[in-house]
Each structure stands twice: as structure tokens, then as C-alpha cells.
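The structure appears right after this line, and notes come after that.
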Amino acid sequence: MAKITANDIIKLKREGTPIVCLTAYDFPTAATVDEAGVDLILVGDSLGMVVQGHDNTLNVTVDEIVYHVSMVWRAVTRATLVADMPFMSFQESDEKTMANVGRMVREGGAEAVKLEGAQPETVARIRKIVGAGVPVMGHLGYTPQSVHYFGRRVVRGKDAAEGRVLLERALTLQEAGCFSIVLEMVPWQLAGLISRALRIPTIGIGSGAECDGQILVLHDLVGFYRGYSPKFVRKLADVTAAMRDAVKEYGELVRSRRYPAEEESVSLAEEVWAEVSELEKRPEN
Ligand code: KIV
């Protein structure tokens, strides 16, 4: 299967094919997600919550994203690989932004980066990143890095004025060169309107079925997160229960000496055992 590029993601919208996106943060889950045929894998700063156990995404560093992207990169053969630019990795200066993007691509193996928001400085930096040949995914609506401004998981674009602003920002990000835009927690009618207004795809999370594609946090989808689960999450597996059951069974097997079985052990050749077993007969034993 050919490797998917940012350009292919735009083509999927043109063909009217819904775009399947998920997060992944390590080698085995990325290999599984890629094998299952998703189009785009995001190493999201959501790892701060679902992997590191923080309350929000703000503690995640560039070093950590680079580390996780490099694990995911080793696993991915098909999906396009996007690295999230964490809090304060692109807000300070052009120089710092470009250096951080360089690390995501060179050290991590990212094929694109994602930036939250559409502040004028952010838009100018998106232009520079795209100019350097790195595809950029935008992120509008609820932007988790602004949790202290908006609060937790707030619907954005609930009235006409906010809706107009969101549409304008989406058009601005498209004009700046983004190849796609995540729309998080936007009412489905507005998300549909924005999707129809853009040439590039919208990737919805909690924004209804009229987006050009969908993204979820893998741990929410497969039931491997104990924190708050928003209403838009569809839990299609219960990995926590499966893992807990396996670990409980392992404990019972070990405690009852039913694990390991002989075929799960290595054994000595008979003649060697004949010699070694003599050691048990030594007086000090
Ligand atoms: O960090 C993340 O995983 C994200 C997605 C939820 C879009 O930004």
C-alpha cells in the first residue's frame, strides 16, 4: 500500500471519501492503527492526558512529542504522520517555531505538524512552515491548549457572530497553506457549512458527520482511558477490561502454580540433568 501524503488527504476530500484519522503514541498501537487502514495518524498532545495522566495537555514538551513521534514513525507504513506542536512550542518566536518544527521532522520523522488556533502570529508562522515544505494541519473550535481561557471542552461557534469568526479563521488557515483543519466541538451545522466553504478537508472531533473526516483519541475509542469521556466518543472496545481480566488471570495462574507449564519452560538434556541433580545431594543442601 502506497504511503499517504498530505496531498492525498486533500484528494480524498475532492473524491468525497471520508478521511479516517486517529491518534497513536507508541510503536505497537501505531502499528495496529496503521495496519487497520487509517489515513492519518496524529501524535497529539492529548498524550499528556491519556498516557501521562495529567489533567490537560499543557505539560507536554517538544522533547516528549519528538520521542513519541519517533516511536510511531518506526511503525507506520501507510498513514500520513502528523506531530502536534505542544503548548508554547510555536507561540514565542519564528526562530523557535522553525527549530521545533525541524526537530519534529528530522528527529521524530513527522510528515506534517498541527498547530492550534489562528492568531495573526500563528498564521504567519504557518506560512513559514508551509514555505519550508512541511505540511500543516490547523485546529479550530475548541483548542485544548487554551483550557484556561475557555474552560474544559466548551462548544465553540454557538452563535452567528462566533460562527462567522470560525468560518473566517478557517478560510485564513486555508489561504495560509494548511492541508486540513481539525474542527473540535463545533455544532454540526456550522461544521458542515465550513466544510463546504473550504477546498481543504475538515477533520471533525465532536463536530458532527458533515466534516470531511473524523478524528478521535485512540484511548477513548478503545476504552483505555479512565478520565472524562465526552459525549461524542463512541467506545468500540474495552481494552481496560480485557487487560485487567488478562492480568487477573495471570495472577491466579501464578499463585496456583499453573503458570508456567513445562512447555513454557526451558529444560536440560536428560544426561545433563542427571549430573546437575547431584548438586541437590550435596551435604550443604
Ligand atoms: O491532541 C490531540 O489528540 C488532538 C486531537 C484530539 C485532534 O489535538
Side-chain angles (χ1 to χ4, degrees), residues 6 9 18-26 29-30 33 38-62 64-69 71-72 76 79-91 100 104 108 110 112-118 122 126 135-147 150 152-156 166 170 173 178-186 191 194-195 200-208 211-222 224-225 227-235:
I9 297 291
I19 303 157
V20 183
C21 312
L22 262 183
T23 64
Y25 315 99
D26 61 42
T29 51
V33 165
V38 306
D39 302 310
L40 181 151
I41 293 180
L42 170 71
V43 179
D45 60 4
S46 50
L47 74 86
M49 299 170 78
V50 300
V51 176
Q52 297 175 337
H54 290 295
D55 245 15
N56 55 49
T57 62
L58 301 181
N59 292 286
V60 177
T61 64
V62 170
E64 287 164 350
I65 297 274
V66 168
Y67 172 66
H68 284 273
V69 173
M71 289 186 253
V72 170
V76 171
T80 199
L81 172 55
V82 182
D84 220 354
M85 294 289 286
F87 180 59
M88 294 314 286
S89 68
F90 62 92
Q91 289 89 342
N100 288 334
M104 298 295 180
V113 293
K114 176 169 83 61
L115 279 72
E116 288 186 12
T122 304
I126 287 173
V136 175
M137 186 176 212
H139 187 155
L140 295 175
Y142 178 67
T143 45
Q145 288 172 20
S146 307
V147 59
F150 297 131
R152 191 177 292 276
R153 294 260 188 222
V154 178
V155 178
R156 305 302 316 284
L166 270 181
L173 289 183
C178 285
F179 76 95
S180 61
I181 302 175
V182 170
L183 288 183
E184 182 159 352
M185 302 282 285
V186 173
I194 293 172
S195 304
I200 59 170
T202 57
I203 307 297
I205 174 162
S207 298
C211 291
D212 301 300
Q214 298 293 328
I215 188 162
L216 278 177
V217 169
L218 175 70
H219 290 55
D220 288 336
L221 178 73
V222 302
F224 197 32
Y225 181 55
Y228 166 72
S229 182
K231 123 182 183 155
F232 59 77
V233 167
R234 196 175 296 183
K235 190 171 131 183

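Atoms within each ligand, like the ligands themselves, are counted from 1 in listed order. Worth saying up front: this structure is predicted, and the values here are computed from it rather than measured.
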Pair Ile126, Cys178 - check side chain to side chain contact (heavy atoms under 4.5 Å, CB included), show working. CA-CA 7 Å; Ile126 287 173; Cys178 285; 3.9 Å; yes
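For the atom pair OG1 (Thr61) and CE (Met88), the distance works out to 14.0 Å, reported to the nearest 0.5 Å. Within the model, atoms NE2 of His139 and CD of Gln145 stand 8.5 Å from one another, a figure rounded to the nearest 0.5 Å.
Between Asp84 and Met104, the closest heavy-atom pair is O-CE, 3.7 Å.
Per-residue contacts place Asp84 under 4.0 angstrom from the following atoms of ligand 1 (heavy atoms of the residue considered): 1 (O), 2 (C), 8 (O). Heavy-atom proximity to Leu42, at under 4.0 Å, picks out these atoms of ligand 1: 2 (C), 3 (O), 4 (C), 5 (C), 7 (C), 8 (O). The Ile205 neighbourhood of ligand 1 comprises atoms 6 (C), with distances under 4.0 Å to a heavy atom of that residue. Every atom of ligand 1 is numbered from 1 in the order shown, and the set under 4.0 Å from a heavy atom of Gly44 is 1 (O), 2 (C), 3 (O).
Looking at Glu184 next to ligand 1, no N or O pair under 3.5 Å apart turns up.
Residues Thr143 and Glu184 form no side-chain contact, since every pair of their non-hydrogen atoms from C-beta on lies 4.5 Å or further apart. No side-chain heavy atom of Phe87 sits less than 4.5 Å from a side-chain heavy atom of Thr57.
Of all the heavy atoms of Thr23, the ones lying under 4.0 Å from any atom of ligand 1 belong exclusively to the side chain. Proximity of Thr57 to ligand 1, defined as any heavy-atom pair under 4.0 Å, is not found for any part of the residue. Using a 4.0 Å cut-off between heavy atoms, Lys114 contacts ligand 1 through its side chain alone, with no backbone atom that close. Neither the backbone nor the side chain of Leu216 has a heavy atom within less than 4.0 Å of ligand 1. Proximity of Leu47 to ligand 1, defined as any heavy-atom pair under 4.0 Å, is not found for any part of the residue.
Residue contacts with ligand 1 include His139, since one or more of its heavy atoms lies under 4.0 Å from the ligand.
Of all protein heavy atoms, the one lying nearest to atom 3 (O) of ligand 1 is Ser46 OG, 2.5 Å.
Within a 6.0 Å sphere centred on OH of Tyr67, other residues, nucleotides and ligands contribute 12 heavy atoms or fewer.
Classified by interplanar angle (parallel below 30°, tilted 30° to 60°, perpendicular above 60°), the ring pair His219/Phe224 is parallel.
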